[in-house]
Amino acid sequence: MSTGRKLAVVGVGYSPVSRKTDLTVHETAYLACKTAIEDSGLKPAEIDGVAQYGFPFEMVTTWEVSETLGIGELQWYTDLSGTGPAGITGVIAAAAAVASGSCDACVVYRTVSRAGGHSGGEGSRTAPKAVGGDMQFSAPYGNFAAPQWFGMYMRRYMHVYGATEEHFGAVAVTQREWAALNERAIFRDPMTMEDYLACRYISEPLRLFDCDLPVTGAGAVIITTAERAKDLRHRPVYIDSWAFGTGPRPDWFQWPDMANMGSHHAAPKMWQRSQFKPEDVDTAQVYDGFTIITLQWLEALGFCKFGEAGPFVAEGNTRLGGKLPTNTNGGMLNIGRVHGISHVIEAVEQLRGNLGPRQVANARVAVAANGGGPTAGCMTFYRE
Amino acid sequence: MSQAPQLPRPLPLPDKFTQFYWDAAKRHKLAILRCQDCGTFIHMPRPLCRGCLSSNLAPHDTNGLGTVYTYTQTHYIYHPYWADKAPYVVALVELEEDPSVRIVSNIVECPIDQVHIGMPVEVVFEELADEVSIPQFRPRQSPS
Ligand SMILES: [Zn+2]
């Protein structure tokens, strides 16, 4: 990808991530950025770019982070909100900024509060009397929330490709196997297909175990130039390529083919810009806000054919030792909904090669992807 | 939930771009904005045509026929009105006159387990409080 300067990810980190905490979202933003800065070996004053992606009710601004952490004079910063494909939105923005020379070292973070969780978070329990905007065409029908929308995407996907509920269950069961290997995961007890099928529906065919886990916490990533990365703490992980995609109609319900998603538009663009091909990828960290999204990313990225991701996962290809170890930290289904920046962090940590029992042997190329429905963003990383 | 007071179904809050839709519903018509220059149907309502950027748009009374594109049965109670009504169907209906227009609807006058993708449906109107009507779809009864 001809983006300008060669880029490296040099720092990653999380705040504590939990379902119940006394930490405010501000504390989690500061702690995640502090952890990532210390992980990189950069001094706060050497950072001259800050980016974040967040929803208004849980947003911690780039100003607040810069002032609190002594980051100092910013050459470039952006507060992104709303329509982007989750946490990777800010990471792609930061990559473009460092590549172009707008800044030299950029910290990017995503802060989430449990209230923002869409599968039973406090934020979903409101009782409006009247609703405006585009939602005036949905609220009178009891259509309020992402699990309902993805329930409709799932139903269409099942209709077009003959997918079964067990195919979605295979994602949940496999990711729980990975979570058992990750001491940071919140859900680590084994899950069987029987457990999955016995679990309650949120919006049929979408079950509770198809949903990620609402948490409070934050993740952060630091991007700088390959040149600057040479003498920092970790072996650099390089950025190869990225792409966004929305498809032709960025609207949840008017989106033309709901058996597919924005991922099917982002992924081919990324491969056009990449030095790698799908078969070069050693591990994939793909969005799992809902299990349908994981299946769609596996297909969109070319790891299997359209409609075949369910059998691909059910046959064990995404397990430890499988053809394409996927969501190796257990995913947001199990570590909590850090809204996708966790997929970037896991890709980077896999390429560093120090993940203990869940390390993918000799991982050299990794993909991270975020977003579902009309919104999608993906990146490829590698080590030399 | 059982102790919560029974709240009414949330009402639409019309604005300058959507007033026509709810006015049409009051007279039992499903109206969709249509570009008077290139014919494109515009939904959700917008002030410009997606096809040609014209602002020469006018409501078009559709024939009210459609097909279920996809649907879900919602079990989780997002709003107290549905506390004793779940599971309930939320469907996307594509219109016969332009299948690229999809309307969110419950499928009424139909057992929940009879709803299916490809089901022919027709619009009916449900009267809510304060002279508000909302379009709903039911299995098609008129010959098509
Ligand atoms: Zn037009």
Side-chain angles (χ1 to χ4, degrees), chain A residues 117-160 199-208 210-211 248-259 290 292, chain B residues 4-5 7-15 17-18 21-22 42-46 50 68-83 85-94 99-107 112 115-118 126 128-130 132-136:
Chain A
H118 37 52
S119 55
E122 293 84 349
S124 62
R125 295 199 190 98
T126 52
K129 287 192 176 67
V131 177
D134 284 351
M135 282 300 286
Q136 71 190 273
F137 299 100
S138 278
Y141 305 94
N143 182 32
F144 292 103
Q148 299 174 288
W149 312 343
F150 283 98
M152 290 193 274
Y153 276 82
M154 283 169 84
R155 182 83 71 194
R156 188 72 198 175
Y157 179 79
M158 294 167 81
H159 174 78
V160 170
C199 144
R200 67 189 165 95
Y201 286 118
I202 301 296
S203 199
E204 197 174 337
L206 186 144
R207 298 174 186 276
L208 182 65
D210 291 306
C211 305
R249 307 246 338 240
D251 180 292
W252 285 97
F253 310 128
Q254 309 302 323
W255 213 85
D257 180 0
M258 287 174 64
F290 303 100
I292 174 72
Chain B
L7 284 175
R9 194 185 267 263
L11 300 175
L13 199 60
D15 55 45
F17 304 118
T18 67
Y21 186 91
W22 303 111
I42 308 297
H43 187 72
M44 313 292 177
R46 296 286 188 255
R50 189 175 74 252
V68 173
Y69 177 76
T70 188
Y71 66 98
T72 182
Q73 300 103 319
T74 297
H75 293 241
Y76 188 84
I77 309 302
Y78 290 99
H79 184 289
Y81 172 78
W82 280 273
K85 297 171 185 71
Y88 60 97
V89 169
V90 175
L92 294 180
V93 171
E94 52 183 28
S100 78
V101 175
R102 297 202 194 114
I103 309 290
V104 174
S105 178
N106 309 124
I107 303 299
I112 190 166
V115 177
H116 60 271
I117 289 175
E126 188 168 341
L128 306 185
D130 302 328
V132 178
S133 291
I134 61 169
Q136 288 280 24

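Just so we're on the same page: letters track the sequence lines, and every chain starts at 1. Excluded from the calculations below are hydrogen atoms, water molecules and symmetry mates; all remaining heavy atoms, backbone and side chain alike, are included.
Chain B forms more heavy-atom pairs under 4.5 Å with one residue of Gly142(A), Ala139(A), Pro256(A) than with any other, namely Gly142(A). For chain B, the option among Ala130(A), Gly132(A), Gly133(A) with the highest count of heavy-atom pairs below 4.5 Å is Ala130(A). When each of Gln73(B), Met44(B), Arg50(B), His116(B) is checked for heavy-atom pairs under 4.5 Å with chain A, Gln73(B) comes out on top. Put simply, of Pro87(B), Gly118(B), Pro99(B), Pro135(B), the one with the most heavy-atom pairs under 4.5 Å next to chain A is Pro135(B).
Counting only distance, with no hydrogens or angles, the side chain of Asn106(B) and the backbone of Tyr141(A) share a donor-acceptor pair below 3.5 Å. A donor-acceptor pair under 3.5 Å is formed between the side chain of Thr70(B) and the backbone N or O of Met152(A).
Only the side chain of Tyr88(B) comes within less than 4.5 Å of a heavy atom in chain A; its backbone stays farther off. Both the backbone and the side chain of His43(B) come within contact range of chain A, each with at least one heavy atom under 4.5 Å from a heavy atom of that chain. Only the side chain of Tyr21(B) comes within contact range of chain A, judged by heavy atoms closer than 4.5 Å.
Val104(B) has its side chain out of reach of Phe137(A): every pair of non-hydrogen atoms, C-beta onward, lies at least 4.5 Å apart. The shortest side-chain heavy-atom distance between Ser138(A) and Trp252(A) does not fall under the 4.5 Å cut-off.
Side chains of Gln148(A) and Thr74(B): a donor-acceptor N/O pair is present below 3.5 angstrom, by distance only.
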